[in-house]
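First the structure, in the form of structure tokens, and then the observations on it.
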Amino acid sequence: MAQPPANIVDEVGIALGNLGDAATGMFTPTLRLGVTGLSRAGKTIFITALIHNLLTNSRMPGFGPLADGRLIGAQLTEHPDRGMPRFAYEQHLAALTGKEPHWPESTRRISQIRVTLKFQSGNWLTGMLGTSQLNLDIVDYPGEWLLDLPLLSLSFAEWSEQALARARRAGSAEDAKPFLEALASIDSAKPALDTDAELLASTFTQYLRASRHDGRALSTLPPGRFLLPGDMEGSPALTFAPLPTPDQAQKHNSLYAMLERRYEAYKSLLVRPFFRDHFARLDRQIVLVDALRALNAGPEAVADLETALTDVLACFRAGSPNPFIQLIARRIDRILFAATKADHLHHASHDRLEAVLNRLVANAARRAKFVGAETRSLALASIRATSEDVIEENGEKLDVIVGTPEKGERLGDEVYDGKTEIALFPGDLPEKAETVLQPDGEPVDLNFMRFMPPQKLARTEHGDPILPYIRLDRALDFLLGDWLK
Ligand code: GDP
């Protein structure tokens, strides 16, 4: 198997990046926080809520530096790296807090933003020197991009074999049909035609997209950039697909040889630079997981999410035989796993949601220790879209959540209009988290639907809108509390 060397260029690139960080942070230390998760896990909402709560000094009893009164204030400052898109905080906040609050557009590419925090240090020596500052650099990137790490150690033939086996398995055959038909109609030994490459790539992408539908929620299919291409959309490095391995070596001008070259270009132009230039410079990481959507979609989706998380978490593992992974993962010292959208459940179930999340990441954690990094799991809602109530049904008390389902959401025969508030019994998560991964385990009976964001927000004494949350303060405490000591 072709094992990529952690070559000297990578080593130097990472070292220079860190040196640059040290130089710009000469007077103000910088904490680089990576925010990731698969598409629609809740990254955009998490970052927007986190920044807004910091900027408005909101009530966060679980966030030590604020609760102790040591955090003096926060402001957005210019990021010294002018080559990366800025996280569109203002636009996202406007969507959530404008006249008709709606969810903003989700993460589609990497972006970053800097918040500078001013605090009174508890350390007597630093404290005597006056207030201290910390630059918090938040880096938002699609979790799908992490799924590409294994590709670095797979040849085109090895990857093709895995991808084709997956496309042909029973659960995928329907989604993959147009791709498999296109594949059957093309002879990869013949001279390469761009139109053939495009047909294969587009039908393969269609299949990847179909497997991400809500009802199926499958999530483990690299290449990650096919669904979230960022700025390279349409380029040859993104226009390839898996091909059956031919019996003999193929000519240089054959379709097979062309797609093989493109696969290698994908790795060297997109995958490797992302890990080297961005991932390797993170200090802390939060991995957001939409466990509820997978639970709602059924055991196949849950098993698939577990596999995806195991692949994603491979990027954080120590002891990997791959020297490139050793090189990129060594800096991160805390990883928080967060099950998002906990406001879809009654708070009595939050512990169970955490237990499910723990179970989902357990395999990855057991297989290899994370790079000496401390890890924790938490159920949170970055923005709470529901409230809680108790109703009586047939003499029985039921814990319900109250919210406004998004337009077009359904429950039984009912289709909602985006304006009607309802009380919903969200269902129960199993007592034993283990059972969600057993195909014959207790079925999880959830009523999961999308809710509108809160429509009437309370305001602070300064007139800033207050975004309600669940445990966001505790997430912040784990991720940056110790840097504000
Ligand atoms: P990402 O950027 O692709 O990871 O995902 P987003 O942050 O855009 O979230 C995707 C969708 O999930 C949003 O449009 C909301 O519908 C929903 N969502 C995200 N966070 C929350 C939350 O805290 N509570 C609720 N009720 N829904 C959320």
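For ligands, and for the atoms within them, numbers begin at 1 and follow the listed sequence.
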**Study point:** Residues Thr77 and Arg114: side-chain donor-acceptor under 3.5 angstrom
**Key:** no

Check your understanding: Taking the six-membered ring where the residue is Trp, are the ring centres of Phe240 and Phe204 under 6.0 Å apart?
Key -> no

Exercise for review: May I ask whether Ile383 places a heavy atom under 4.0 Å from ligand 1?
Suggested key: yes

Practice item. Take Leu54 and Leu71 through the side-chain contact (heavy atoms from CB on, under 4.5 Å) test and state the conclusion after the steps. Key: CA-CA 9 Å; Leu54 283 174; Leu71 188 65; 4.1 Å; yes

Review point. Which ligand 1 atoms, with their elements, are less than 4.0 angstrom from a heavy-atom of Ala381?
Key: 23 (O)

Point to revise | Polar atom proximity, Gly42 to ligand 1 (N or O, under 3.5 Å) | key: yes

Review point. Is Ser106 close to ligand 1, meaning an N/O of one under 3.5 Å from an N/O of the other?
Key: yes

Check your understanding: Is the closest N or O pair between Ile45 and ligand 1 shorter than 3.5 Å?
Key -> yes

Check your understanding: Touching ligand 1 at all, Arg384? Heavy atoms, strictly under 4.0 Å?
Key -> no

Revision key, fill the gap. heavy-atom search around atom 18 (N) of ligand 1 in the protein gives Lys341 CE, 3.5 Å

Exercise for review: Salt-bridge test for Lys397 and Glu393: reply yes if a basic N is under 4.0 Å from a carboxylate O, no otherwise.
Suggested key: no

Review point. Is Arg334 positioned over the aromatic face of Phe478, cation under 6.0 angstrom from the ring centre and no more than 45 degrees off axis?
Key: yes

Revision key, fill the gap. among protein heavy atoms, the one nearest atom 15 (C) of ligand 1 is Trp103 CD2, 3.4 Å

**Study point:** Minimum-distance protein heavy atom relative to atom 26 (N) of ligand 1
**Key:** Asp343 OD2, 2.8 Å

**Study point:** Partner set under side-chain hydrogen bond (donor to acceptor under 3.5 Å, both in side chains) for Glu406, not counting sequence neighbours
**Key:** Trp103

Check your understanding: Do Thr44 and Thr107 pass the side chain to side chain donor-acceptor pair (under 3.5 Å) test, and can you show the C-alpha distance, the side-chain angles, and the key distance before you say yes or no?
Key -> CA-CA 6 Å; Thr44 308; Thr107 298; 3.1 Å; yes

Check your understanding: Can you tell me if Glu388 uses its side chain to pair, donor with acceptor, with the backbone of His346 under 3.5 Å?
Key -> no

**Study point:** Within-cut-off N or O pair, Ser39 and ligand 1, under 3.5 Å
**Key:** no

Exercise for review: Could you tell me whether Asp290 and Arg40 make a salt bridge, using a distance below 4.0 angstrom between a side-chain N and a carboxylate O?
Suggested key: no

Check your understanding: Relative to ligand 1, is Phe451 under 4.0 angstrom through side chain, backbone, both or neither, heavy atoms considered?
Key -> neither

Revision key, fill the gap. If you scan protein heavy atoms around atom 2 (O) of ligand 1, the nearest is Thr44 OG1, 2.6 Å

Review point. Mind checking whether Phe451 and His344 have ring centres under 6.0 Å apart?
Key: yes

Check your understanding: Backbone, side chain, both or neither: what part of Thr107 comes under 4.0 angstrom of ligand 1, heavy atoms only?
Key -> both

Point to revise | Contacting atoms of ligand 1, where contact means under 4.0 angstrom from a heavy atom of Ala385 | key: 26 (N)

Practice item. Report yes or no: does Gly37 have a heavy atom closer than 4.0 Å to ligand 1? Key: no

Check your understanding: Between Glu406 and ligand 1, is there a nitrogen or oxygen pair with a distance under 3.5 Å?
Key -> no

Point to revise | Short N-O contact, Glu354 and Arg471, less than 4.0 angstrom | key: yes

Check your understanding: Can you list the atoms of ligand 1 that are under 4.0 Å from a heavy atom of His344?
Key -> 25 (C), 26 (N), 27 (N)

Point to revise | Nearest protein heavy atom with distance in Å, relative to atom 3 (O) of ligand 1 | key: Arg40 N, 2.7 Å

